[in-house]
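When reading the values below, keep in mind they use all heavy atoms of this one structure, side chains included, and skip hydrogens, waters and symmetry mates. Note that the structure is a prediction, hence the values are computed from the model and not measured.
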Amino acid sequence: MFLIQQQSVRTTCAIVCGFALLVSVETSSQPLAPVSTAIDALVETGRVAVERGDIAAALNAYQDALSKQPDHIQANYRLGELYWRQEQPQQAIQYFIKSMELSPTNYSLHLAVSNYLEQFRMYDRAIAAYQVIIERIPGTPEAAEADKRLNLLLARNYSSAGDVDSAMQLLRSLVDQYPDDSRVLQHLGFAYLLARQFEAAAAVFEDVLERDPKNDTAYLNLATVHESMGNLDKAETYLAKVADGSVDPGRRREAQVRMGLMGGFRALQKGESEQARLKLESVLVIDPENVSANQQIASIYRTNGLYDKAEKALLTVIRAAPGNSDARILLGKVYIDQNNYVDGI
């Protein structure tokens, strides 16, 4: 029963967290001021360094620029980009927000920053930014884009609250307005997924891939659809496309983690505990705090008498999810197995 519950948790997380993946961030063509000063030249040096993959040089250039002019808009934005690419979102968001605050009328920049706010799940802040754009510059392309994104967030909120019908109604209206917009289509696909209309969801995501064969999000979403349907072979195929071919390190990491969890689950179903252990340990190399991997591998460690490892894994789970009763019960059994009845009880 425990393993089935864990699989359900993973699938649910993939569905809920998937809305964050629907946000597409353009990082190479943001509407920023042209290079004209010595500070701008430093920022341009950093941008070029990023393009050639020299992250250290880019970081030095951006930090040098900000040490000389802390309120430089481009430097703040570009440093935010750099931290985001390095999977340091908290630092990134600070610089993104500062760049937006320093440029109160650059609404194209506000749209770019709001994309990141959505990915960081600062939905209220993103909604507020979109509303400001709609109110201040009505009838402009920026206002139209803000209105579209605002409605997508409202649809997400409906779905998260369990009102899938309202989400679908709003999304179908958006599809009528934007029939070729991959982001709108992906949200519709997720609404179908939440409604457990798997075939409809798959059809939408496949449509996205026909338009954009390199769309990582569509592959991840298709993997979630097929995992929900029990088609694990097909789910792994889609995950592998991202794990092996994505240029986004965050997406590659997510796909690798999901493949490892899926492989561990399948191995345990077949009674192949050693293979399951290897798969789950591969997940923990990538994500040491992963709750599902730690909880499942703790059961394997306990069975093999590796009580110290089991205890460590379970304590990691409990730190991340204090209300996880399954982990607490299993930890109690680990202690009792060692005749430690005080901690076990």
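For the atom pair R258 CZ and T224 OG1, the distance stands at 3.5 Å (nearest 0.5 Å). To the nearest 0.5 angstrom, Y116 atom OH is 9.0 Å from I93 atom CD1. A distance of 13.0 Å separates CG in L185 from CD in E206, rounded to the nearest 0.5 Å. S173 contributes atom OG, which lies 7.5 Å from atom CG of N151 (distance to the nearest 0.5 angstrom). Rounded to the nearest 0.5 angstrom, N231 CG and L222 CG are separated by 11.5 Å. Annotation: the span from L209 atom CG to Y238 atom OH amounts to 7.5 Å, rounded to 0.5 Å.
Between S273 and T303 the shortest side-chain heavy-atom distance does not fall below 4.5 Å. Here the side chains of N115 and Q119 are not in contact, with every heavy-atom distance at 4.5 Å or above. For the pair Q94 and Y83, the minimum side-chain heavy-atom distance is 4.5 Å or more. Side-chain contact between D181 and K148: present, with at least one pair of heavy atoms (C-beta onward) separated by less than 4.5 Å. Side-chain contact between N221 and V208 is absent, with no heavy-atom pair separated by less than 4.5 Å. Within the 4.5 Å cutoff, the side chain of Q169 has no heavy atoms near those of the D165 side chain. Side-chain contact between Q74 and R47 is absent, with no heavy atoms from C-beta onward closer than 4.5 Å. Residues L150 and I127 form a side-chain contact, since some pair of their non-hydrogen atoms from C-beta on lies under 4.5 Å apart.
The cluster map of Ile, Leu, Val, Met, Phe, Trp and Tyr, joined by side-chain heavy atoms under 4.5 Å apart, puts M100 and Y95 in different clusters. Under the 4.5 Å side-chain heavy-atom criterion for grouping Ile, Leu, Val, Met, Phe, Trp and Tyr, V164 is connected to L174 within one hydrophobic cluster. Using a 4.5 Å cut-off between side-chain heavy atoms of Ile, Leu, Val, Met, Phe, Trp and Tyr, with links allowed through other members, L194 and L188 fall into the same hydrophobic cluster. Hydrophobic clustering, with ILVMFWY side chains joined whenever heavy atoms are under 4.5 angstrom apart, keeps I73 apart from V50. F205 and L239 fall within the same hydrophobic cluster, defined by Ile, Leu, Val, Met, Phe, Trp and Tyr side-chain heavy atoms under 4.5 Å apart, directly or through other members.
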Practice item. Would you check, one step at a time, whether the test side-chain contact (heavy atoms from CB on, under 4.5 Å) holds for M229 with K234? Key: CA-CA 10 Å; M229 297 170 70; K234 206 158 190 179; over 6 Å; no
Check your understanding: Where do K333 and D337 land on the salt bridge (charged side-chain N to carboxylate O under 4.0 Å, His left out) test, with the steps shown first?
Key -> CA-CA 6 Å; K333 291 178 179 178; D337 287 346; over 6 Å; no
Practice item. Show your working on side-chain contact (heavy atoms from CB on, under 4.5 Å) between Y192 and E199 and close with a plain yes or no. Key: CA-CA 9 Å; Y192 281 130; E199 297 295 339; over 6 Å; no
Practice item. Carefully, step by step, assess V48 and R52 under the rule side-chain contact (heavy atoms from CB on, under 4.5 Å). Key: CA-CA 7 Å; V48 172; R52 69 171 184 267; 3.9 Å; yes
Exercise for review: In sequence, state the C-alpha distance, the side-chain angles, and the governing distance for R149 and L111, and then conclude on side-chain contact (heavy atoms from CB on, under 4.5 Å).
Suggested key: CA-CA 9 Å; R149 295 187 192 178; L111 283 172; 3.8 Å; yes
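Residue D244 qualifies as enclosed at atom CG: its count of foreign heavy atoms under 6.0 Å is above 12.
Tested against N324, the residues L331, V317, I329 include a single side-chain contact (heavy atoms from CB on, under 4.5 Å) partner, V317.
The shortest non-hydrogen separation linking Y307 to R302 is CE2-O, 4.0 Å. The shortest non-hydrogen separation linking L170 to A155 is CD2-N, 3.8 Å. Across all their heavy atoms, G46 and A58 have their closest contact at O-CB, 3.4 Å. E227 approaches A235 most closely through the heavy-atom pair N-CB, 3.8 Å. Between A144 and Y178, the shortest heavy-atom contact is O-OH, 3.8 Å. Among all heavy-atom pairs drawn from L153 and A126, the shortest one is CD1-CB, 4.1 Å.
The six-membered or imidazole ring of H187 lies away from that of F190, with a centre-to-centre distance of 6.0 Å or more. Ring-centre distance between Y77 and F96: below the 6.0 Å cut-off.
D216 and S246 share a side-chain donor-acceptor pair at under 3.5 Å. E118 and Y130 share a side-chain donor-acceptor pair at under 3.5 Å. R183 and T217 form no side-chain donor-acceptor contact under 3.5 Å, judged by distance and modelled atom types alone. With no hydrogens or angles considered, a side-chain donor-acceptor pair links T37 and D40 at under 3.5 Å. For the residue pair R319/T316, the side-chain donor-acceptor check at 3.5 Å is satisfied.
Not one N or O on the side chain of R125 forms a donor-acceptor pair closer than 3.5 Å with the backbone of S114. Using a distance-only test at 3.5 Å, with no hydrogens or angles considered, a donor-acceptor pair links the side chain of D248 to the main chain of G250. Within the 3.5 Å criterion, the main-chain N or O of A143 finds no donor-acceptor partner in the side chain of D147. A donor-acceptor contact shorter than 3.5 Å links the side chain of K98 to the backbone of P70. One N or O on the side chain of N294 and one on the backbone of N290 form a donor-acceptor pair closer than 3.5 Å. The backbone N or O of R156 sits less than 3.5 Å from a side-chain atom of S160, completing a donor-acceptor pair.
Annotation: cation-pi pair R136/Y107 absent, no NZ/CZ under 6.0 Å from the ring centroid and within 45° of its normal.
Electrostatic pairing of D308 and K312 does not count as a salt bridge here, judged by no charged N lying under 4.0 Å from a carboxylate O.
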